[in-house]
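Since the structure comes first, as structure tokens, the remarks are kept for the end.
Counting starts at 1 for both ligands and their atoms, in listed order. Just so it is clear, the structure is predicted and the values come from calculations on it, not from any experiment.
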Amino acid sequence: AKKGGGNTFRFYNEGMNTSSVERLNLETRLRHAVDNGELLLYYQPQVNLHSGEIIGAEALIRWQHPEMGLVSPLKFIPLAEETGLIFPIGEWVMRTACAQIKAWQDGGMMTPPVAVNLSAHQFRQRHLVKMTTGVLLDSGIDGRYLELEMTESAMMEDTDRVIRVLRELKEAGMTISIDDFGTGYSSLSYLKQFAIDKLKVDQSFVREITRDPKDAAIVVAIITMAHSLGLNVIAEGVETEGQLEYLRSHGCDEMQGYFFSRPVPVGDFEQMLRSGR
Ligand code: C2E
Ligand code: CA
Ligand code: CA
Ligand code: CA
């Protein structure tokens, strides 16, 4: 239990441990983060493995707290999901990414599509399509500049609904990718039923690709399967030239990872877009 600090912790009952107090603190602070303008997006470039061009970016959320510093999404996204804060935060992410794309276009920049992460909770939301198309309309950008990344597990619940929702998102021009592909417990049959454009090979397979023949075999199988289904493949977590060469020589289309660039603040990303690197 906390000691000192006067009456500050009187509210919490004895059984409550420090970590639940911390959690409650974090939750209270997260509630204000959107309104206080403490959230921001970093951008990580996605690169065509054959031309070397930047063909996209993934927007990754960051929380810049005045005292806690830069908080990782791994720490606050699960909390946002448990508390329902993921809905306003998820919409903020989408609005911010679309407004950024619009600003680039208004400034005469050639803008690649930007991918945003959609949590399973958001995918379950009844008004997802309405919200998403509303954000696009408000921002004035074309749907083809917005890509939605979702995990397999988000898609496995009510298949008929998923098929319908994905079709509606696609009709509004958006691109759909499956994030962390290969790590979910799902049936592959959804790949032919769902309106999907792209598979993101999970970084856990990429990490050992040049050392572990089993990981390499899985990645090659994913590339082959994706291509025969007419899907694009991007590898995540590419950190070395060896990994890059392996992926390129086995026909992978795109890559994203520290080898090319970490996720960076928007100004740095703009500079990369301008210079092509
Ligand atoms: P993710 O969607 O799988 O995002 C990829 C993560 O891998 C990012 O971590 C990125 O910084 C990191 N990464 C990229 N390249 C490399 C590399 O070469 N090596 C290694 N080791 N890591 C690399 P980050 O930004 O900390 O995000 C973590 C997770 O938080 C994301 O995983 C995603 O699940 C979630 N997340 C981030 N932003 C959002 C968001 O706006 N909404 C939602 N719902 N989730 C988000
Ligand atoms: Ca992602
Ligand atoms: Ca991922
Ligand atoms: Ca992940």
Which ligand 1 atoms are under 4.0 Å away from a heavy-atom of [X]?
{"X": "Gln44", "value": "14 (C), 15 (N)"}
{"X": "Gly257", "value": "15 (N), 18 (O)"}
{"X": "Pro263", "value": "11 (O)"}
{"X": "Val93", "value": "41 (O)"}
{"X": "Leu74", "value": "28 (C), 29 (C)"}
{"X": "Glu239", "value": "17 (C), 18 (O), 19 (N), 20 (C), 21 (N)"}
{"X": "Glu58", "value": "2 (O), 4 (O)"}

Quick one: do the Gln46 and Gln256 side chains pair a donor with an acceptor below 3.5 Å?
yes
Using a distance-only test with no angle check, is there a side-chain donor-acceptor pair under 3.5 angstrom linking Thr159 and Gln193?
no
So, using side chain to side chain contact (heavy atoms under 4.5 Å, CB included) as the criterion, who are the partners of Tyr42 when residues are at least two apart?
Leu40, Arg62, Leu70, Pro263, Pro265
Would a 4.5 Å heavy-atom cut-off, applied to side chains only, mark [X] and [Y] as touching?
{"X": "Leu199", "Y": "Ile223", "result": "no"}
{"X": "Leu231", "Y": "Asp197", "result": "no"}
{"X": "Tyr190", "Y": "Glu152", "result": "yes"}

Just to be careful: counting only protein atoms that are N, O or S, how many fall under 3.0 Å of the Ca ion (ligand 2)?
4
Measuring from [atom], which candidate in [options] has the nearest non-hydrogen atom?
{"atom": "atom 36 (N) of ligand 1", "options": "Pro73, Ala120, Ala115, Ala59", "value": "Pro73"}
{"atom": "atom 1 (P) of ligand 1", "options": "Ile86, Asp179, Val238", "value": "Asp179"}
{"atom": "atom 44 (N) of ligand 1", "options": "Ser119, Gly237, Ser72", "value": "Ser119"}

Applied to residues 210-229, the salt bridge (Lys or Arg N to Asp or Glu O under 4.0 Å) test, sequence neighbours excluded, yields Glu208-Arg211
Derivation of the side-chain contact (heavy atoms from CB on, under 4.5 Å) call for Arg95 and Ser139
CA-CA 7 Å; Arg95 282 196 187 278; Ser139 68; over 6 Å; no
Looking only at heavy atoms of [X], does any of them come nearer than 4.0 Å to an atom of ligand 1?
{"X": "Gly90", "result": "no"}
{"X": "Asp180", "result": "yes"}
{"X": "Glu236", "result": "yes"}
{"X": "Lys200", "result": "no"}
{"X": "Arg262", "result": "no"}

Within-cut-off N or O pair, [X] and ligand 1, under 3.5 Å:
{"X": "Leu41", "value": "no"}
{"X": "Asn117", "value": "yes"}
{"X": "Gln203", "value": "yes"}

Determine, for [X] against [Y], whether the closest basic-nitrogen to carboxylate-oxygen distance falls under 4.0 angstrom.
{"X": "Glu27", "Y": "Arg31", "result": "yes"}
{"X": "Glu241", "Y": "Arg248", "result": "no"}
{"X": "Lys198", "Y": "Glu254", "result": "yes"}

Roughly how far apart are [X] [atom1] and [Y] [atom2], rounded to 0.5 Å?
{"X": "His121", "Y": "Leu85", "atom1": "NE2", "atom2": "CG", "result": "11.5 Å"}
{"X": "Glu38", "Y": "His65", "atom1": "CD", "atom2": "NE2", "result": "5.0 Å"}
{"X": "Asp106", "Y": "Ile141", "atom1": "CG", "atom2": "CD1", "result": "11.0 Å"}

List for me each residue that meets ring-ring contact (aromatic ring centres under 6.0 Å, His included) alongside Tyr246, sequence neighbours excluded, and say none if there are none.
His250
Using a 4.0 Å heavy-atom cut-off, say whether Arg62 meets ligand 1 through its side chain, its backbone, both or neither.
side chain
Which bit of Val116 is near ligand 1, meaning a heavy atom under 4.0 Å away: side chain, backbone, both or neither?
neither
How are the rings of Tyr43 and Phe269 set to each other: parallel, tilted or perpendicular (split at 30° and 60°)?
parallel
